[in-house]
Asks: 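Shown below is the structure under consideration.
Lettering of chains follows the sequences in order, A, B, ..., and the numbering in each one begins at 1.
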Amino acid sequence: MTSKSESAPGRVAYINARLLDPASDLDATGDVLTEGEAIADLGPGLFADGVPEGVEIVDCGGHCLCPGLVDIRVQLREPGEEHKGTLASAGRAAVAGGITSMVCLPNTLPVIDDMSAVEFVARRARLLGLTKVYAYGAITKGLEGKELAEMGMLTESGAVAFTDGVTALADAQVMRQALNYARTFDLLIIQHPEEPSLALGGDMNAGEMATRMGLVGIPREAEVIMVERDLRLAELTGGRLHFAHLSTGIAIDAVRQAKARGINVTCDTAPPYFALNETAVGDYRTFAKLSPPLRHEEDRLAVIQGLLDGTIDAIASDHAPEDEDAKRLPFAQAAFGGIGLETLLSVSLELYHNGYLPLLQVLRLLTCKPSDLLGLSAGRLKRGAPADLTLFDPDSAWRVREQDLLSKSKNTPFDYRPLQGRVLMSVVDGRRVFSRDS
Amino acid sequence: MIEDETAFSYTHRHLLGIEGLSPPEITALLDQSEGYVEQNRQADKKQGVLRGRTIINLFFEASTRTRTSFELAGKRLGGDVINMSVSNSSVKKGETLIDTAMTLNAMHPDVLVVRHPASGAVKLLSEKVNCAVINAGDGSHEHPTQALLDALTIRRRRGELSGLTVAICGDVQHSRVARSNIHLLNTMGARVRVIAPRTLIPAEAARLGVEVFHDMDRGLEGCDIVMMLRLQTERMHSNFFPSIREYFHFFALDYDNLAKAKPDALIMHPGPMNRGVEIDSEVADDYGRSVIREQVEMGVAVRMACLELLSRNLSNDISRNL
């Protein structure tokens, strides 16, 4: 397999594809013509009279061609912790996973709380020429939860929204001011919803499993208490609020009711929370130690329900690389987090294969909806849009194996899981940045 | 003009705030002030209308310009003026506000000019004394003489207040100047806008009769008057804004956003200015448009008028006033 940029953008005809565009409900056999960095045309029978002279032809073999995936929650570890992951390793893993745009958390070293850090990420990503990389700015300076970062100027440098990353913004007054100040510039605030004092020292979901294993539990209430508090603050300020990786039925219920009340709130979840439950922790598997923790089966089903009824707006990989030093430890000492770029699409397709969601709805949660949340130009097959495309075979079977993963850190909670559906090719700005051999 | 009995006059015992004053009352105060502007430009600035009257400047909060302005006003009218900075005397010894008021009251002052860091404190004090009380600023509530001097400055430049569009920019949340100005300008028929980040706009601000903006360019569009407020930079640590440089970048007055206002728009500031925080130095020093020094001049005239009108209302037998 290759992952380098193969071709300078010219005119390319992607023929014989099953075109899937969730934004326009398009699901039909057809073709796409890209010209330079943009989609020039698309539709069924586009090349009924043959492909014009001088246009490169890529035969999609009847596979699915959809807008490139937009992943709104990725930890890059660069700058600062390059031994765990880099922009280059994440970029290679992302394009192999069909992700053509990703948004990184500000919890790097240094923290992305000033303009130069935002510009650093953008510049490095441009030079790599793989997945497009956007950055979140920190809500508070140094992610300390005390003083607001320069959200207005960070936005002018390219920050797409604001979050304190894997740290919950705990102080209610700071959160109120953050929502209020952000609304001045119509910015989105993203919360990691976990009441820190309830999660303190916890290793996994609170309940029978934790009791049997002798581990400290993090109750579901840690999530819903923060969600309900922030919903009140969003209502008070009118600010735009987004909750990352919801994992519990009670928190999803709270968001569902808030949306019904007309509050300006959105949320996402990550594949582990609809594909796994706390039993994955099994024999103290630290790769399944995630934040928020894997929950009870009832919660997993509630997450699927939330995806089904539209309460949950997006699926993000929640990619969190950790090296062996951080994971080969007694469970309580191991780091939280799992990688997810390369399994995002395949695990999400389980929702389709298991009959929960139509294929277009799964793709909607991975393309236009996350893109619209952050106001990106990605996520749509339409004329003039960036030529960011993902070609995948929805049925081909494979098994996740550590040694096959391109990510620098290998800590996937899906290790050895058989999956159905795989990315064959990724196109970013008209350039084929990934194609799977064989 | 000073001897004239105008058709409407100011008949209240105190001047505690602008809210609730009627247009004729405000006009009477401004008309009275107008006469003193000329007098203050003469070599002989002294008058005797306050002869025998005692004025105490009671300041519970540091102030130089307001206190000096009141002191000059009292002295130019021939009154006896005493300055008391309470922050470093009785309060430190634990005396309550009311005790201080009672103590001073026993000395039979005619007018107390009071500034206090707590909203409502001046009104509380006024209920306990026999004399007239002028609010020289209470917390984030009101600063009526500032609004009057701003109004006088505008009126002299523009003829009248009615119909003008005035943008008040900056920390409206904590500003007594903003509140007094909003009340006065609305009462006199001007249109008032406020411009600030949401964190510096108080809740339900629109209920005060203002149009709220969060963008300088949009808020200044077509304005006749641009009134800047002083930003207290220590507010940064309470997350009202992230940094001075960000505040300056988005909310300071500079030639770029001033260009959105009317070409002859006046620039005002209650002082003291933070150059490079809420106002670009160039703009502050633009003699053609900045009337900041004129505001200070009008301040003395307005305070003379207030002292004069209030003492006119005092009975000669002070004990009957309570």
Side-chain angles (χ1 to χ4, degrees), chain A residues 106 111-118 136-159 161-164 169-189 230 232-241 264, chain B residues 140 167-175 178 193-207 210-221 228-229 231-254 256-257 276-278 280:
Chain A
V111 168
I112 304 180
D113 63 359
D114 77 0
M115 281 86 80
S116 56
V118 177
Y136 290 121
I139 302 172
T140 62
K141 290 168 190 160
L143 308 176
E144 287 176 351
K146 292 177 189 149
E147 295 190 9
L148 296 183
E150 296 168 318
M151 289 193 251
M153 294 171 91
L154 283 163
T155 300
E156 288 189 342
S157 322
F162 292 84
T163 178
D164 272 358
L169 184 46
D171 186 302
Q173 175 66 1
V174 178
M175 187 55 159
R176 175 193 179 189
Q177 296 289 64
L179 283 163
N180 210 4
Y181 188 76
R183 197 182 160 207
T184 304
F185 305 99
D186 195 28
L187 310 177
L188 180 68
I189 294 288
D230 285 351
R232 294 293 167 186
L233 295 174
E235 200 164 11
L236 172 67
T237 57
R240 287 170 60 205
L241 175 64
N264 211 342
Chain B
S140 304
I168 302 177
C169 315
D171 187 359
V172 178
Q173 168 94 295
H174 304 98
S175 176
R193 300 176 181 177
V194 294
I195 314 174
R198 283 184 181 271
T199 38
L200 294 175
I201 299 280
E204 305 289 337
R207 299 282 303 158
V210 298
E211 217 183 328
V212 180
F213 291 85
H214 307 292
D215 178 285
M216 287 292 275
D217 284 352
R218 299 227 305 267
L220 291 178
E221 188 87 55
M228 301 308 295
L229 298 172
L231 184 76
Q232 287 184 296
T233 48
E234 59 271 22
R235 304 265 185 231
M236 191 169 82
H237 302 295
S238 315
N239 289 316
F240 289 101
F241 59 97
S243 69
I244 289 168
R245 96 178 153 169
E246 171 140 325
Y247 189 87
F248 182 79
H249 183 67
F250 290 103
F251 292 101
L253 184 68
D254 56 30
D256 288 338
N257 50 42
V277 179
E278 71 263 358
D280 192 76

Asks: Do you know the tightest heavy-atom contact between A:Y181 and B:P197?
Replies: CE1-CB, 3.8 Å

Asks: Given heavy-atom pairs under 4.5 angstrom as the criterion, report whether the side chain, backbone, both or neither of B:F240 touches chain A.
Replies: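 Both backbone and side chain.
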
Asks: Taking side chain as everything from C-beta outward and backbone as N, CA, C, O, which of these in A:E156 sits under 4.5 Å from a heavy atom of chain B? Side chain, backbone, both or neither.
Replies: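 Just the side chain, heavy atoms under 4.5 Å.
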
Asks: Using a 3.5 Å distance criterion without hydrogens, assess whether the side chain of B:E246 forms a donor-acceptor pair with backbone atoms of A:M153.
Replies: yes

Asks: If every non-hydrogen atom of B:P242 is compared with every non-hydrogen atom of A:M151, which pair is closest and at what distance?
Replies: CG-N, 4.3 Å

Asks: With sequence neighbours left out, write down each residue that passes side-chain hydrogen bond (donor to acceptor under 3.5 Å, both in side chains) with B:R245, or none if nothing qualifies.
Replies: A:E150

Asks: Can you tell me which of A:T140, A:T184, A:L179 forms the most heavy-atom pairs within a distance under 4.5 Å of chain B?
Replies: A:T184

Asks: Looking only at heavy atoms and a cut-off of under 4.5 Å, which of A:N180, A:L236, A:T237 has the most pairs with chain B?
Replies: A:N180

Asks: Can you name the side-chain hydrogen bond (donor to acceptor under 3.5 Å, both in side chains) partners of B:Q173, sequence neighbours left out?
Replies: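 Expected list: none.
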
Asks: Go through the atoms of B:F213 and report whether side chain, backbone, both or neither lie under 4.5 Å from a heavy atom of chain A.
Replies: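 Neither the backbone nor the side chain of B:F213 comes within 4.5 Å of chain A.
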
Asks: Can you confirm whether A:Q173 is buried at CD, in the sense that more than 12 heavy atoms of other residues, nucleotides or ligands lie under 6.0 Å from that atom?
Replies: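 Yes, the 6.0 Å shell around CD holds more than 12 heavy atoms from other groups.
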
Asks: Identify which part of A:K141 has an atom lying under 4.5 Å from any heavy atom of chain B, answering side chain, backbone, both or neither.
Replies: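 For A:K141, side-chain heavy atoms alone lie under 4.5 Å from chain B.
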
Asks: Heavy-atom count around A:R176 CZ within 6.0 Å, excluding the residue itself: above 12?
Replies: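 Atom CZ in A:R176 is not packed in, count stays at 12 or less.
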
Asks: Roughly how far, to the nearest 0.5 Å, is the CD atom of A:E147 from the OG atom of B:S238?
Replies: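 One finds 9.0 Å between OG of B:S238 and CD of A:E147.
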
